[in-house]
Amino acid sequence: MVFMALPDSVDDEVEEWFSTQMHDMTRKGSTTFMASLPDISKEIHNKISDDEFNGRSNVYLKLTVPKRPVLRHQMFMWYAPVVVMNIVKASTRGQRGKGQSPAGGYSICFENKNPDQGVRIVFDVILMSDEGQDEELQNKIIKKEHLTPLETNFQEGIKAANTILNEMKYMERREARMRHTAESTNAKIRLFSYVSVIVLLGVTWLQRTYLRSYFKKKKLM
């Protein structure tokens, strides 16, 4: 899992950039898979105040499992991803006997200790098998020392299909984020239009009142 805390006043373009980069971190086959973010461009960096960038957010992440100690308790730094891995291993640590299933029922809480500062939490979840499971599954599928050309093509076809499915899911998530950004922008434009109309009506009423009073003083009315 990857989490990131953004100020509530963050620019939409900045939020879109960080969301896209964070989803690249959780996309299998990506060069930044479960790694750090790439360098921020000057255009994006100029839209972030120096006090906020990598500053203390006073927003805490708490990951717990029933009847277990707290697995993770960490404070967010603004615009810095928090990567949580090996949750199942951490939750089963200390249990007696092998083969026990994980406890399940994971709980993720976010605590904002600065009520005057709004916050946006962006996160993504990816499921990964434990070490050794992929190798065991591969051994069950591949029973021969060498694959025939047909079997090799079949395996390559499965990998290509999985890659296409991952890309489709990534594009679906990206489209949902862009739709949310567009709806937010349209809502701001509508609000600005309403405020402009109200201001225009108010100015018109003031002008009418002033001219009426002026003509009365001049005894023109």
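We're numbering straight along the sequence, starting at 1. Hydrogens, waters and symmetry mates play no part in the numbers below; they use all other heavy atoms, side chains included.
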Euclidean distance, [Y] [atom2] relative to [X] [atom1], rounded to 0.5 Å:
X	Y	atom1	atom2	result
Arg212	Arg208	CZ	CZ	5.5 Å
Thr181	Asn186	OG1	CG	11.0 Å
Ile108	Lys62	CD1	NZ	13.0 Å

For Glu13, enumerate each residue passing the side-chain hydrogen bond (donor to acceptor under 3.5 Å, both in side chains) test, keeping only those at least two apart in sequence or located in another chain. Lys47
Closest heavy-atom pair and its distance - [X], [Y]:
X	Y	result
Ser57	Met77	OG-N, 4.3 Å
Trp78	Leu6	CZ3-C, 3.4 Å
Val119	Asp8	N-CB, 3.8 Å

Test your reading of the model: is there a side-chain donor-acceptor pair from Thr163 to the backbone of Lys159, 3.5 Å cut-off? yes
Whether Thr204 side chain and Leu200 backbone form a donor-acceptor pair below 3.5 Å: yes
Going by the rule side chain to side chain contact (heavy atoms under 4.5 Å, CB included), which residues pair with Thr20 if we only count those two or more places apart in sequence or in a different chain? Glu16, Asp24, Tyr170, Arg174, Arg177
Start with the C-alpha distance between Phe110 and Asn112, add both sets of side-chain angles, then the distance that settles side-chain contact (heavy atoms from CB on, under 4.5 Å), and finish with yes or no. CA-CA 7 Å; Phe110 303 100; Asn112 186 5; over 6 Å; no
Please lay out, stage by stage, how Met171 and Glu175 fare under the test side-chain contact (heavy atoms from CB on, under 4.5 Å). CA-CA 6 Å; Met171 294 301 297; Glu175 180 184 358; over 6 Å; no
Met75, CE: over 12 other non-hydrogen atoms inside 6.0 angstrom: yes
Is there a side-chain contact (heavy atoms from CB on, under 4.5 Å) between Asn58 and Gln117 once you walk through the steps? CA-CA 9 Å; Asn58 288 327; Gln117 173 69 56; over 6 Å; no
Could you list the residues that satisfy ring pair (Phe, Tyr, Trp, His ring centres under 6.0 Å) with Phe18, not counting sequence neighbours? Tyr79
